[in-house]
Amino acid sequence: MDSISYNIYNFIYIAVIILGGVTLTLTVILRARERDRQHGAICMFAGSIFVYMLTDFITYYYLGENVSGNLVFSLITLSDILFCVLVTAWVHLIAVQFREEPAVTKKVIALSAVYIVASQILSIDLGRYDSYAIHVESGAGKTALQIMNAAYALIIILIGIRFMYLLVTRYKSGGSRNVNIIMVVLLIGYMLWTAYWDYSIWYKTEENLIDIYAMDPLILLYAILNGFLIYYFYKKDPLHLSESQVAPEDAIDVIAARYELSDREKEVLDHINKGRSNKQIAVELSISENTVKRHVNNIFRKTETQGRHEIIFKISNVTGNEVKNRGEK
C-alpha cells in the first residue's frame, strides 16, 4: 500500500469512527427511551463495535512507530479482548430475536472468555509480543494457537448457521426476518475473513499483511451499520421531534400488536396504564385477583419489562408513525 492509499485509508477509517461515535450517542438515547432487551442488545452491539474499531485503529496505526513494546503489547491484547466482546455482542443481538435462545449468549460468553485467556497465554509464551515481528517459529505452541483460533471462528460460524436455519424454517418472511438474516450472513462472513486473517498472520509476509488488513470488511460493515442505525433512530423518533401526541388507546393497540398480547391482556394493560391496582382491575373485569396477576406477569414477560413503571413508559413512547403504520395494515 503506497503512502497516498494509506492516508486515504486512514481518513476513511477515522471518518467511519467519528460517524460511529454519533451513532452510538443516538443509540444510547434510543435505549434510554426504549427499555427492552432488543434495544439493550442494539446499544451493546453499537458500543462494542465502536470501542473495538477505535482501539483496533489505534493499535495498527501505531504499529511500527516509535512506541514502547509494552504499549504495543497492551494495545494488541486489548484489541483481541474487544474482538471477542464484539463477537459476543453480535451473537447476543441476533439471539435476542429468538426468545427461546437465551442460553446461546451465556455459552458464547464462556467460550470467548476461555478462548481469550488461553490464546493470550499461548501468545505470550510464544513471544509474539516480544517485538514488532508477529511471526513465530514452528512448534507445538504455534500449532495449538492456530487450532484454537480456527476452532473459535468455526464455532461462531456454526452458531450463525444454526441461526440461519431457524430464521429460514421457523419465522415468517418480513422486514425483521430479513434484517436478522443479513446480520447472520455478515457474522458468518466476517468470521470467515477473520480465519483468513489468522492464516495470513502465520504464512504471509509482513508487507502483504498491510494490504490484507486494508481489506478488512468490518470498515464497510460499520459504515453501513451506522447508516442503518441513524435511519432507525429517525424512524423511531424517540425524542418525538416530529410527532403529535398519541392517544392512550392507540398506543395500547400498538403495544398489544407488537408483543402479541391476547385480548384480555390488552384489557388489563389498559387498566394498568390508567394506574389501577390488581384488585381494582379484578373488580372492573369481574375476574379473580389471581387471574389478574397471571395476566400482568404475562404482559411483563411478553413485553420484556420488569414492572408497571416500565410498561407505562413503553406505552408513552409509542410514536404517531407506529399508530399510522398499524392503521394501514
Side-chain angles (χ1 to χ4, degrees), residues 26-45 92-93 95-103 105 170-172 174-177 179-180 229 232-329:
L26 298 180
T27 305
V28 170
I29 294 173
L30 185 59
R31 167 58 175 154
R33 302 293 292 182
E34 298 285 347
R35 301 178 183 179
D36 55 28
R37 291 180 65 230
Q38 179 180 3
H39 289 88
I42 292 174
C43 188
M44 185 184 303
F45 177 66
H92 175 65
L93 175 59
V96 163
Q97 311 305 319
F98 302 86
R99 296 182 182 178
E100 70 276 16
E101 297 287 325
T105 300
R170 294 190 186 180
Y171 293 86
K172 298 178 180 179
S176 179
R177 191 189 77 155
V179 169
N180 289 327
L229 288 177
Y232 184 68
F233 182 89
Y234 167 76
K235 294 294 290 184
K236 294 292 292 186
D237 193 12
L239 301 180
H240 303 307
L241 298 177
S242 61
E243 295 288 342
S244 58
Q245 188 172 1
V246 177
E249 56 270 20
D250 291 333
I252 290 172
D253 286 342
V254 170
I255 295 295
R258 181 192 301 172
Y259 297 104
E260 300 180 351
L261 302 184
S262 67
D263 291 339
R264 180 61 84 182
E265 288 166 351
K266 178 181 173 182
E267 289 181 304
V268 172
L269 180 60
D270 180 46
H271 288 291
I272 290 175
N273 193 50
K274 293 175 181 177
R276 291 170 181 161
S277 66
N278 287 352
K279 186 175 182 179
Q280 291 172 320
I281 296 174
V283 172
E284 289 285 341
L285 299 180
S286 300
I287 56 179
S288 70
E289 192 170 345
N290 286 334
T291 301
V292 173
K293 289 181 181 178
R294 187 177 72 252
H295 288 314
V296 170
N297 289 332
N298 286 338
I299 291 171
F300 292 159
R301 176 179 56 81
K302 290 182 179 181
T303 59
E304 299 175 351
T305 51
Q306 302 299 318
R308 291 171 182 255
H309 174 76
E310 283 194 27
I311 188 62
I312 292 174
F313 185 84
K314 190 181 291 286
I315 292 171
S316 69
N317 280 284
V318 171
T319 66
N321 283 334
E322 290 176 301
V323 174
K324 181 180 177 181
N325 292 338
R326 170 169 165 70
E328 291 175 350
K329 291 182 179 179

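As the structure is a computational prediction, the values presented were derived from the model and not from experiment.
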Using residues 283-294 as the side-chain source, report each donor-acceptor pair under 3.5 Å to any protein atom, sequence neighbours left out, with the distance given to one decimal.
from: S288; atom 1: OG; to: T291; atom 2: N; distance (Å): 3.1
from: S288; atom 1: OG; to: T291; atom 2: OG1; distance (Å): 2.7

In Å and rounded to the nearest 0.5 Å, what is the [atom1] to [atom2] distance from [X] to [Y]?
X    : Y    : atom1 : atom2 : value
Y259 : E304 : OH    : CD    : 6.5 Å
I252 : H271 : CD1   : NE2   : 9.5 Å
H39  : M44  : NE2   : CE    : 14.0 Å
F313 : T305 : CZ    : OG1   : 12.5 Å

For [X] versus [Y], what's the shortest heavy-atom pair and its separation?
X    : Y    : value
G275 : Q280 : O-OE1, 4.3 Å
H92  : T105 : ND1-OG1, 2.9 Å
T27  : C43  : CG2-CA, 3.4 Å

Full working for side-chain contact (heavy atoms from CB on, under 4.5 Å) between E265 and E260: CA-CA 10 Å; E265 288 166 351; E260 300 180 351; over 6 Å; no

Check side-chain hydrogen bond (donor to acceptor under 3.5 Å, both in side chains) between N273 and all other residues, then give those that pass, not counting sequence neighbours.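 Applying side-chain hydrogen bond (donor to acceptor under 3.5 Å, both in side chains) to N273 gives none.
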
Once salt bridge (Lys or Arg N to Asp or Glu O under 4.0 Å) is applied, do any residues pair with R264, and if so which ones, sequence neighbours excluded?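 Here the qualifying residues are E267.
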
Should D253 and K266 be marked as a side-chain contact (heavy atoms from CB on, under 4.5 Å) after you check the CA-CA gap, both sets of side-chain angles, and the distance that decides it? CA-CA 8 Å; D253 286 342; K266 178 181 173 182; 2.5 Å; yes

Criterion side chain to side chain contact (heavy atoms under 4.5 Å, CB included) against L229, the qualifying member of L26, L30, I42: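 Per the side chain to side chain contact (heavy atoms under 4.5 Å, CB included) rule, the option paired with L229 is I42, out of L26, L30, I42.
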
Mind checking what makes side-chain contact (heavy atoms from CB on, under 4.5 Å) contact with I272, not counting sequence neighbours?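 Per chain and number, I272 pairs via side-chain contact (heavy atoms from CB on, under 4.5 Å) with V268, I281, V296, I299, R308, I311, I312.
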
Salt bridge or not between D270 and K274? Use side-chain N to carboxylate O under 4.0 Å.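 Looking at D270 and K274, the cut-off is met.
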
Is it the case that atom CG in N297 sees more than 12 heavy atoms from other parts of the structure closer than 6.0 Å?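 Buried by this count: over 12 neighbours within 6.0 Å.
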
